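The figures here come from the full heavy-atom set of this structure, side chains too, leaving out hydrogens, waters and symmetry mates. Quick caveat, the model's predicted, so the values are computed rather than measured. Letters go in sequence order (proteins before strands), and every chain restarts at 1.
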Number of protein chains: 2
Amino acid sequence: MGKGATTREAIVSQALDRAVQVGLSGLSLGPLADDLNLSKSGLFAHFKSKETLQLAVLQEAINRFTARVVEPGLRTPRGRARMELLIHRWFDWIEGEPGMRGCLFSVAAQEYDDRPGAIHDLLVGSQLQWQETLARMAADLPRGGPLPADMCQQVAFEVTGSVLAFQQQTKLFKAPKARAWAETAVARILDDAANAV
Amino acid sequence: MGKGATTREAIVSQALDRAVQVGLSGLSLGPLADDLNLSKSGLFAHFKSKETLQLAVLQEAINRFTARVVEPGLRTPRGRARMELLIHRWFDWIEGEPGMRGCLFSVAAQEYDDRPGAIHDLLVGSQLQWQETLARMAADLPRGGPLPADMCQQVAFEVTGSVLAFQQQTKLFKAPKARAWAETAVARILDDAANAV
DNA sequence: GAGTTTTTAGCACGACCGGTCGTTTTGTCT
DNA sequence: AGACAAAACGACCGGTCGTGCTAAAAACTC
């Protein structure tokens, strides 16, 4: 891998760290360049525009989420085990990757839910895809047969709610019992789904 | 009410509208002044600093939430009826006050969860208080007696999760079925709590 | 209606923003 | 080792930001 690709990766990685704290739209080139001992223009040369950098950062978060959460799930047997591993990994992701404080998706969702553009599209597309993955996994929960489609969406909705509440309790309130509450909530959701058919 | 107080209210109201879209930290004085046909310095004179304006905006959101959600709840008989009205109003709040697109609390939570200061303190304090209110209301759910404290917190957690997921589905995905999913989730949470004792 | 206080506008400041440019350094390949 | 391309630099642009200062205009008081 050439020098250019190396520093580009370093830039995106550092920008991801920063974006979690100041937001994706709050990214600013100058301080980011200082972090990496780069000049602002030297950094900028790697991306034709700020939006390109933001898109790269968001895509990096998507890749990490896929590697850390989705793929391990697909390597686990279908059914409840897969679903539980997926959610467990998701909780870990919210608590923060090593050194990374928080979840970029939640931050960007608040910034770009009503701001049209490429960032909005990439964010919504990836999140929608994850939501559909969750629903697909929910179908395998009952032993008696596949869960109906509308109930799969309901499960995906409720699991997402547990994760979002977990994040609020963890990041905003610093509540020590957050994970316990979340696990309890998820267990009941999965139990109900498993016994629904 | 004097002229000063009138325009000050108009400023805060307009600033609240803007803050929901661009964030509380993303507020900028110039465009805000233009909205109100005021000069930037004329607007600024009403607040000693930008942070003072931001605090006023956040406090205004708290006041509106209290008037629109909390107080109607307290005027409803204790028990499930009160809880359901509270949550119902909360959903309405998320869908957006007349003309106001979205919930400032969710936006600000992502911006200020790790940024110390007066805004963080006001936000966390008010949200924590609301969480405790929810838990207190949950105690009256069972007919057989008050719900134990830890289960009240669990109910508050799960209801919050439903509301957060509802917001994501509504604002980010524009999902038409969001409210139906949310109502289903809440109904099951309240049913379980009612039969727990 | 005169006088006082409050409210507003105009202007300027220093800092920072994303982005451009020409130049110099560094890496890579033969 | 020399040639060429890639990468990084530093100065700079127009613009916007929050924030003071001063004076005019408007609102309130008696």
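- The separation between A:L53 atom CG and C:dG19 atom P is 10 Å, rounded to whole Å.
- Going from atom CG of B:L27 over to atom C1' of D:dT19 covers 16 Å, rounded to whole Å.
- Distance CZ (A:F47) to P (C:dG18): 13 Å, rounded to an integer number of Å.
- A straight line from CG of B:L43 to P of D:dG20 spans 14 Å, rounded to a whole angstrom.
- Among the nucleotides D:dT19, D:dA8, C:dT7, the one closest to any side-chain atom of B:H46 is C:dT7.
- Among the protein residues, A:A45 comes within range of no part of the nucleic acid, since none of its heavy atoms lies under 4.0 Å from any strand.
- In this structure, A:L36 places its CG atom 11 Å from P of D:dA8, rounding to the nearest Å.
- Checked by atom type, the side-chain pair B:S106/B:Q167 shows a donor-acceptor distance below 3.5 Å.
- Side chain A:K40 to base C:dG19: a donor-acceptor pair is found below 3.5 Å.
- Residue A:S28 has its side chain nearest to C:dC17 when only C:dC17, D:dG10, C:dG19 are considered.
- Under 3.5 Å, the side chain of B:S41 and the base of C:dG10 form at least one donor-acceptor pair of N or O atoms.
- Ring to ring, B:F65 and B:W93 are close: their centroids are under 6.0 angstrom apart.
- When distances are taken from the side chain of A:L29 to each of C:dG18, D:dC17, D:dG10, the shortest belongs to C:dG18.
- Partner of A:E84 under the side chain to side chain donor-acceptor pair (under 3.5 Å) criterion, chosen from A:R82, A:H88, A:R80: A:R80.
- B:I11 has its CD1 atom 11 Å from the P atom of C:dT7, to the nearest Å.
- One can place CG of B:D34 at 12 Å from P of C:dG10, the figure rounded to the nearest angstrom.
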CA sep, side-chain torsions, deciding dist, call: B:Q131, A:Q169, side-chain contact (heavy atoms from CB on, under 4.5 Å): CA-CA 10 Å; B:Q131 195 77 6; A:Q169 294 286 338; 3.0 Å; yes
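- Note that CD of B:Q14 is 13.0 Å distant from OG1 of B:T7, once rounded to the nearest 0.5 Å.
- Among C:dT20, D:dA8, C:dC17, the nucleotide with an atom closest to any side-chain atom of A:L38 is D:dA8.
- For the pair B:L32 CG and D:dT19 C1', the computed distance is 15 Å after rounding to whole Å.
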